[in-house]
*Asks:* 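Can you read through this structure? Questions will come right after.
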Number of protein chains: 2
Amino acid sequence: MANQRQRRIGGWGFEGESYPPSRRMIQWLESATGPATHPMPTGPADPPPADGRRLPALTATVSTDPLDRLAHSRGQGLVDVIRLRCGLVPALPDGVCRPTDSDEVAAVLAQCGAAGVRVIPWGGGTSVTGGVNVIAGDTAVCTMDLERMAGMTDLDEVSGLATFGPGTTGPATEAALNAHGLTLGHFPQSWELSTVGGWVATRSSGQESLGYGRIEDMVAGLEMVAPSGVLQLPARPASAAGPDLRHLVLGSEGRFGVITSTVLRVRRRPTVTRVEAALAPSLEDGLSVIRDLVTRGVPLTMIRLSDAPETQVAMAVGLADSPVAPLVMKFLELRGLVDESCLLLYGTGGERDDVSEILQIARATIRERRGAILGKRPGAKWLHERFRHPYLRESLLDLGWATDTMETSAPWSQVPTVREGIRNAIAGALTDVGETVPVLCHVSHPYRDGASLYFTFFYRCAADPDETIHRWSAVKRAANEGLIELGVTLSHHHGVGQWHAPWLHHETGATGHRILTGLAESADPTGILNPHVLLDADDHLES
Amino acid sequence: MANQRQRRIGGWGFEGESYPPSRRMIQWLESATGPATHPMPTGPADPPPADGRRLPALTATVSTDPLDRLAHSRGQGLVDVIRLRCGLVPALPDGVCRPTDSDEVAAVLAQCGAAGVRVIPWGGGTSVTGGVNVIAGDTAVCTMDLERMAGMTDLDEVSGLATFGPGTTGPATEAALNAHGLTLGHFPQSWELSTVGGWVATRSSGQESLGYGRIEDMVAGLEMVAPSGVLQLPARPASAAGPDLRHLVLGSEGRFGVITSTVLRVRRRPTVTRVEAALAPSLEDGLSVIRDLVTRGVPLTMIRLSDAPETQVAMAVGLADSPVAPLVMKFLELRGLVDESCLLLYGTGGERDDVSEILQIARATIRERRGAILGKRPGAKWLHERFRHPYLRESLLDLGWATDTMETSAPWSQVPTVREGIRNAIAGALTDVGETVPVLCHVSHPYRDGASLYFTFFYRCAADPDETIHRWSAVKRAANEGLIELGVTLSHHHGVGQWHAPWLHHETGATGHRILTGLAESADPTGILNPHVLLDADDHLES
C-alpha cells in the first residue's frame, strides 16, 4: 500500500518532516559534550553501482532499480542512517520482490532456496538492531517487501478478532479498525512506518502496553511460511494443547519464516485518550508510584518515569512551555528537590468520565508520594508529538551530534541497579577517545513484576564517519556487555537483529541457544532466510 | 512434603473425604440414563506381582514398594480410576525415584538414559489425560516423584516474584505466600493435590483465571533439566530477545525435560473473595453479559455460565437450597423462561469495598440483560465446595454411573456452535450400545476474544469394567473428533497427555507437529522422557 507521503531514504520518516532541537537542547548538548564540530552530510549519497547479481526467475514482481534497492539495504539504526547519509552502504540487495499472497511467498522461498539466494523479509524497514541489513560478501540477496500483502482481510466483531496482512502499517491498521469503532492500541514509536508482520517478528511493544498489552498479548493466531512448510495456527482464546507455537514465531525476526497473516485481538476504540504529567521528588518515589498503580490494577494505559538527568533535559527543552512549570520549579526549589525530581507521564483511554476518574486516582497516588502535578499541557504535548520524536535524531546529525537508544527490562528490585550499571557502561564507553557520553533514562512499560528501562545517549560525530560509527559500536558493545553482566535481557522491544545476536547465547544459555538453532535449521534447512539476525555469532556492529 | 491426610489410591483426593450425590441428583441421572445396575467395585484391587524390572543404580532414593508403584501407575482420569478400582492396571513403574535437587534430576536422567530406562516425571499425579500413565510392554520405567523438591526457595517481595520447587502443592504454595500477605491466585479444581511443576508442564488454568491469569501469565522464569542439557530462563518482566523459550516448557508435559524450578508472579492476597449467582434468561443473554463485563475490563476474577441443561441439574441438585430460589423460579415461570434460563456465577477478590463495588457493576450488567440475581448463598456454597466437587465422581461410580469432563476454547462467535457440536458428538457416542449420555456444559475462563467450554457427561457402567472403559473411549474419541472437525483446541486446560496425542497433528498442522517432534528429539535424543504423551501417534485410550 503506497503511502501518500514520500519515505525518506537515509533518515527517519517522510520527506519534509522534521523535529529540530530547541536552542536550549543545543545548549544542554554543548555543555554536556562540548560543541559539535562535524555536521553529518545530509545524504543520501549516490547508491553504489546499479548492477546487482542475477536472481532466479521469481513468482513475484521483482525490482532491480538501484534506488529501490538502496531504500531496502538498511534499517533505521543510527549506523544505518550514517552509512546512508555518507555513501558508506557496503551492500545492497540484488533485487526487491513484492509477493501478493502466501503462495507467492512460498514460491519465492523455494526458488531462492534452489538458487542459493538469501531472502530478507521486510515490513516497514524500521529495525534499529540491524534486523534487515544486507551484509557485504554474502551470496545474492533478495529483499522481500511485504507491502502488497497489506490490509485487513477479515473481521470477527463479536470475538474482537481482526486479520491483517503482514505489510499493514500502523496508520493503516488503525484506519481499518477505527472505521468499525475499534482499535488495536499498539503504538510503538515507529508506528507510522512499521507493520503488523514486523511487530510480530520482533515482539514489539507499544507505548500504551500497560493498557493494551504487548504484541504477543494481541496475537490470537497467525500463519508463517517457512522453506520447510507452512505453519498455520488458528485463533485460540487459550489452549493447553502443548507448547504454544505462536511464541516461536513471535521474535523469530524473519529467520524461521515469513509471517504472512496475523489474527489480532482488537478492542473498542476509546472516546478519549489523555496523558498528564507530574514530578516525583525522587526516582525511588516515582518507582513506588508506578508499582503501586500497577499492582493495584489501576487501568492506566501508560506510565513513564524519567530519571533526574532526563527530567532536567525535558524541563530545559520543552516542559518549560507549561504555564505551571515556573511555579512547580519554585515549589521544588523550596523543598530542595529540583536536582532529584523525576518527570512522570501517565495516561489512559476510554469514556470521558472513566478517564477523569482513573487519572484522579493516579494523581492522588502521586500526591501521596509527595509528587507535584504539572497539569495537562506537557502530557498533551507528548501525546501530540510522540511519533515525531524520532525525527530529532536527523536534526542532531545535521548539527554534528549522534544519538541512539537502547532498552532492557528488569524486576522492580533490580531497576535502580540496572539503571546505574547501564548508565555507567554507556557513559564511560568513549573515555579512551576523550569524548563524553551523556545518558538519559526512563522507566516505562511497567508490569506487575518489573519494567523496561530505556536509555538515550548522545555523542559528538567525528570528522571521519567511520570513526563516528566506531564510537557508536564502542558504546553499543559496552552496553550489551553491561546487560549480560547485570543478567537482564538484551532487549525489551527492539529485538535481537544482527547487533545483539553475538550476545544472545549469554541470555538463553547454551541449551536455549541450541534449541533456537535447531528450530532455524528445521524451518530453513539451507539457511537462506535473514541469516545474520538472531543466531549469527559474528559481530556485525560495524558491518 | 508429606501430606497429613492419606492420599486415596484408585480415587480422587484423600481417604475419608466424599461428596455424595443428593437424592435429586440420582433421580435426575435415573431419568436421564435409566437406573444404574452395575456399581463399580470400590478398590483399589490388589496390585499386580511385586517384582519390577531391575533399575540401574540411581543418584536418588528409589522405592520399589508395590503399593508406592501402584500409587504412581496412573493419573486421575476416569479410566485410571476404573482400572485401579477393578484391578485392571496393565503396568506399574518399576520404581519410584525421589530426587532432592536439579543435580540429582540430571544424574537420574543420565543414568536412566544410559540404561534405556524410561522416566515419567510426577507432580501431583492428577492428570486426566493419561499424562503420567505407564504403558504395558514398555522398557523399564522409573517414575520421578518430585515431592522432595517442594517449597518456596526464594521470595522477592518488591518485584512480587516467588520461586518454587516443582513438587509444591497448591495448599503449600498458598501457605508459603499467605505468610507474607501474598497469593498466587491459581486455583485449578485439582488444587489440593496438583503441583507447581505440573501446572507449568500442562499449561494449567485456575478457576479465577479471569483475574489472576493462566499459569503461563504467572511464569516469569524457570529451569528445566533435559537429557541434553539444562535450560535456565531467569525471571524477565518482558523481553524482545527472540522467541520466548518459556512457552516451549509450558505444555511440554515432561516430554522435553523435568521442570526443576519456577519463578512465579505473585500478588497481594485479597482481603475477601466473593462469588455470587444469577440467572440469565438464555444462553445468548448470559454470553452477552460475560462478553460485556470482560471487554469493559470489569475486574472480576471469575465468571461461569452454565447452559440450560446444567442449570436444570444445578437447580435440582443444590441451588434449591437458596432461600430465594423458589421466588426466582416463580418469577421465571411467569416469564416462561425456566427451561432456557442459565446459571451465572461471578466473583472477585480484593478489599471489601472494592469487591462490593465490582459485584454491583456485575449485577447491574446482568439486570440490563433481564437476568435475576440469586444472592450470595449459591456462590458462597460453590466457593466453599469447589475443591470437593471431584469427589462426586467416586460416589457416582459406587452407584454405577461413570462421569467425566472435557474442555476446549473458542472465539465468542463460535461458542454456540462449538457447544452444540460437542454436545451432539458426546450425546450420540453410545447410541450403538443403546445408552444415553446426558451432557452438561458451562462457559468459564472468559477472555476478550472467547472463552472455554467445559463439558460434563454421564453414562451407565456396564457389568464388565472393560466394557465400561470401552464406552468411555467411544465418547472420548467422538469428542476429540468433534473438536478437530470444529477447528477448536483439544484442550483448554487439561493438556494433551496420551489421550489427545494422536489428534494433536490436526491442531498443530504437519509443520507444527514436526517442530514439536524436533524439539523432543533435540531435548531427549534417546526418547526416555514420558514418551507416550504429547507426540505419540498411537491411540492409548484403552491402554
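All of these numbers come straight from a predicted model, not from anything done at the bench. Letters A, B, ... are given to chains in the order of the sequence lines, protein chains preceding strands, and every chain is numbered from 1.
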*Asks:* When you check the gap from the basic side-chain N to the acidic O, do B:Arg255 and B:Glu253 get nearer than 4.0 Å?
*Replies:*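 Answer for the salt bridge query: no.
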*Asks:* Return yes if a side-chain donor-acceptor contact under 3.5 Å exists between B:Glu223 and B:Thr260, otherwise no.
*Replies:*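 Their side chains do contain a donor-acceptor pair, which is all the 3.5 Å distance test asks for.
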*Asks:* With no hydrogens and no angle check, just 3.5 Å: does a side-chain donor-acceptor pair link B:Tyr212 and B:Thr301?
*Replies:*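 No, no side-chain donor-acceptor contact under 3.5 Å.
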*Asks:* Relative to chain B, which segment of A:Ala201 carries a heavy atom at a distance below 4.5 Å: side chain, backbone, both, or neither?
*Replies:*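 Contact with chain B: none, neither part.
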*Asks:* Please classify the contact of A:His445 with chain B as side chain, backbone, both or neither, using a heavy-atom distance under 4.5 Å.
*Replies:*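 No part of A:His445 comes within 4.5 Å of chain B.
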*Asks:* Against chain A, work out which of B:Ser522, B:Ser409, B:Gly229 has the most heavy-atom pairs shorter than 4.5 Å and name it.
*Replies:*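 Top option by heavy-atom pairs under 4.5 Å: B:Ser409.
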*Asks:* So which residues of residues 500-508 of chain B are in contact with chain A at a heavy-atom cut-off of under 4.5 Å?
*Replies:*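 So the qualifying residues are B:Leu504, B:Glu507, B:Thr508.
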*Asks:* Just give me the residue among A:Asp244, A:Leu516, A:Leu233, A:Asp354 that pairs up with chain B most often, heavy atom to heavy atom, under 4.5 Å.
*Replies:*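 Ranked by contacts with chain B, first place is A:Asp244.
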*Asks:* For residues B:His247 and B:Glu216, is any side-chain donor paired with an opposing acceptor at under 3.5 Å?
*Replies:*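 There is no such pair (donor and acceptor under 3.5 Å, judged by atom type) between the side chains of B:His247 and B:Glu216.
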*Asks:* Sort A:Leu231 into side chain, backbone, both or neither according to what part of it lies under 4.5 angstrom from a heavy atom of chain B.
*Replies:*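 For A:Leu231, backbone and side chain are both near chain B.
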*Asks:* Between B:Arg236, B:Arg265, B:His492, which has the largest tally of heavy atom pairs under 4.5 Å with chain A?
*Replies:*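 When all of B:Arg236, B:Arg265, B:His492 are compared, B:Arg236 has the most.
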*Asks:* Side chain, backbone, both or neither: which part of A:Leu161 has a non-hydrogen atom closer than 4.5 Å to chain B?
*Replies:*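 Side chain of A:Leu161 only, per the 4.5 Å heavy-atom cut-off to chain B.
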*Asks:* Is A:Thr295 in contact with chain B via its backbone, its side chain, both, or neither, using a 4.5 Å heavy-atom distance?
*Replies:*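 Looking at A:Thr295, nothing touches chain B.
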*Asks:* Could you check whether B:Glu521 pairs with B:Arg514 (Lys NZ or Arg NE/NH1/NH2 to Asp/Glu carboxylate O, under 4.0 Å)?
*Replies:*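 No.
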*Asks:* Name the member of B:Val533, B:Val496, B:Thr129 that forms the most heavy-atom pairs with chain A at distances under 4.5 Å.
*Replies:*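 Winner by heavy-atom pair count: B:Val496.
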*Asks:* Any side-chain to backbone donor/acceptor pair from B:Asp536 onto B:Gly497? Under 3.5 Å, distance only.
*Replies:*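 Looks like no, no N/O pair under 3.5 Å.
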*Asks:* Got a second to check how far A:Leu293's CG is from A:Ile358's CD1, nearest 0.5 Å?
*Replies:*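 So the CG of A:Leu293 and the CD1 of A:Ile358 are separated by 11.0 Å.
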*Asks:* Where on A:Asp449 is there a heavy atom nearer than 4.5 Å to chain B: the side chain, the backbone, both, or neither?
*Replies:*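 When you check distances to chain B, atoms from both the backbone and side chain of A:Asp449 fall under 4.5 Å.
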*Asks:* Quick one: do A:Arg268 and A:Glu157 satisfy salt bridge (charged side-chain N to carboxylate O under 4.0 Å, His left out)? Show the steps, please.
*Replies:* CA-CA 10 Å; A:Arg268 285 282 117 206; A:Glu157 279 205 65; 3.5 Å; yes
*Asks:* Checking side-chain contact (heavy atoms from CB on, under 4.5 Å) for the pair A:Val418/A:Thr408: CA distance, chi angles, key distance, verdict?
*Replies:* CA-CA 9 Å; A:Val418 170; A:Thr408 184; 4.0 Å; yes
*Asks:* Would you mind telling me which of A:Val266, A:Val230, A:Thr202 has the largest number of heavy-atom pairs within less than 4.5 Å of chain B?
*Replies:*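 Top option by heavy-atom pairs under 4.5 Å: A:Val230.
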*Asks:* Count the heavy-atom pairs under 4.5 Å between each of A:Pro299, A:Ala220, A:Ala410, A:Gly518 and chain B, then report the option with the highest count.
*Replies:*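 Of A:Pro299, A:Ala220, A:Ala410, A:Gly518, A:Ala410 has the most heavy-atom pairs under 4.5 Å with chain B.
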*Asks:* For the residue pair B:His186 and B:Ser204, confirm or rule out a side-chain donor-acceptor distance under 3.5 Å.
*Replies:*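 Judged by distance alone, the side chains do pair up.
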*Asks:* Could you have a look at A:Leu248, A:Leu535, A:Leu490 and say which one has the most heavy-atom pairs with chain B under 4.5 angstrom?
*Replies:*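 Answer, by heavy-atom pair count under 4.5 Å with chain B: A:Leu248.
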*Asks:* Any side-chain donor paired with an acceptor under 3.5 Å for A:Ser413 and B:Ser159?
*Replies:*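 Present: a donor and an acceptor within the cut-off.
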*Asks:* Quick one: list whatever passes side chain to side chain contact (heavy atoms under 4.5 Å, CB included) with A:Val294, sequence neighbours left out.
*Replies:*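 Applying side chain to side chain contact (heavy atoms under 4.5 Å, CB included) to A:Val294 gives A:Leu210, A:Ile290, A:Ile303, A:Pro446, A:Arg448.
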*Asks:* Go through B:Ile215, B:Val249, B:Val488 and name the one with the most non-hydrogen pairs under 4.5 angstrom from chain A.
*Replies:*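 The candidate making the most pairs under 4.5 Å is B:Val488.
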*Asks:* Is B:Leu182 close to B:Arg269 at the side-chain level, that is, under 4.5 Å between some pair of heavy atoms?
*Replies:*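 The answer is no; the side chains never approach within 4.5 Å.
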*Asks:* Does either side chain, that of A:Thr271 or that of A:Glu351, offer a donor lying less than 3.5 Å from an acceptor on the other one?
*Replies:*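 A:Thr271 vs A:Glu351: donor-acceptor pair found between side chains.
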*Asks:* For chain A, find which of B:Gly251, B:Ala241, B:Ala240 contributes the most heavy-atom pairs closer than 4.5 angstrom.
*Replies:*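 Maximum pair count with chain A is reached by B:Ala240.
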*Asks:* Please round to the nearest 0.5 Å and tell me the distance separating atom CD1 of A:Ile361 and atom CG of A:Asp292.
*Replies:*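 So the CD1 of A:Ile361 and the CG of A:Asp292 are separated by 11.0 Å.
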*Asks:* So what's closer than 4.5 Å to chain A heavy atoms on B:Ala226: side chain, backbone, both or neither?
*Replies:*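 Neither part.
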*Asks:* Determine the option with the most heavy-atom pairs under 4.5 angstrom with chain A, choosing from B:Gly242, B:Gly450, B:Gly160.
*Replies:*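 It is B:Gly242.
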*Asks:* For chain B, which candidate among A:Pro411, A:Ser209, A:Ser239, A:Gly512 shows the most heavy-atom pairs at distances under 4.5 Å?
*Replies:*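 Ranked by contacts with chain B, first place is A:Ser239.
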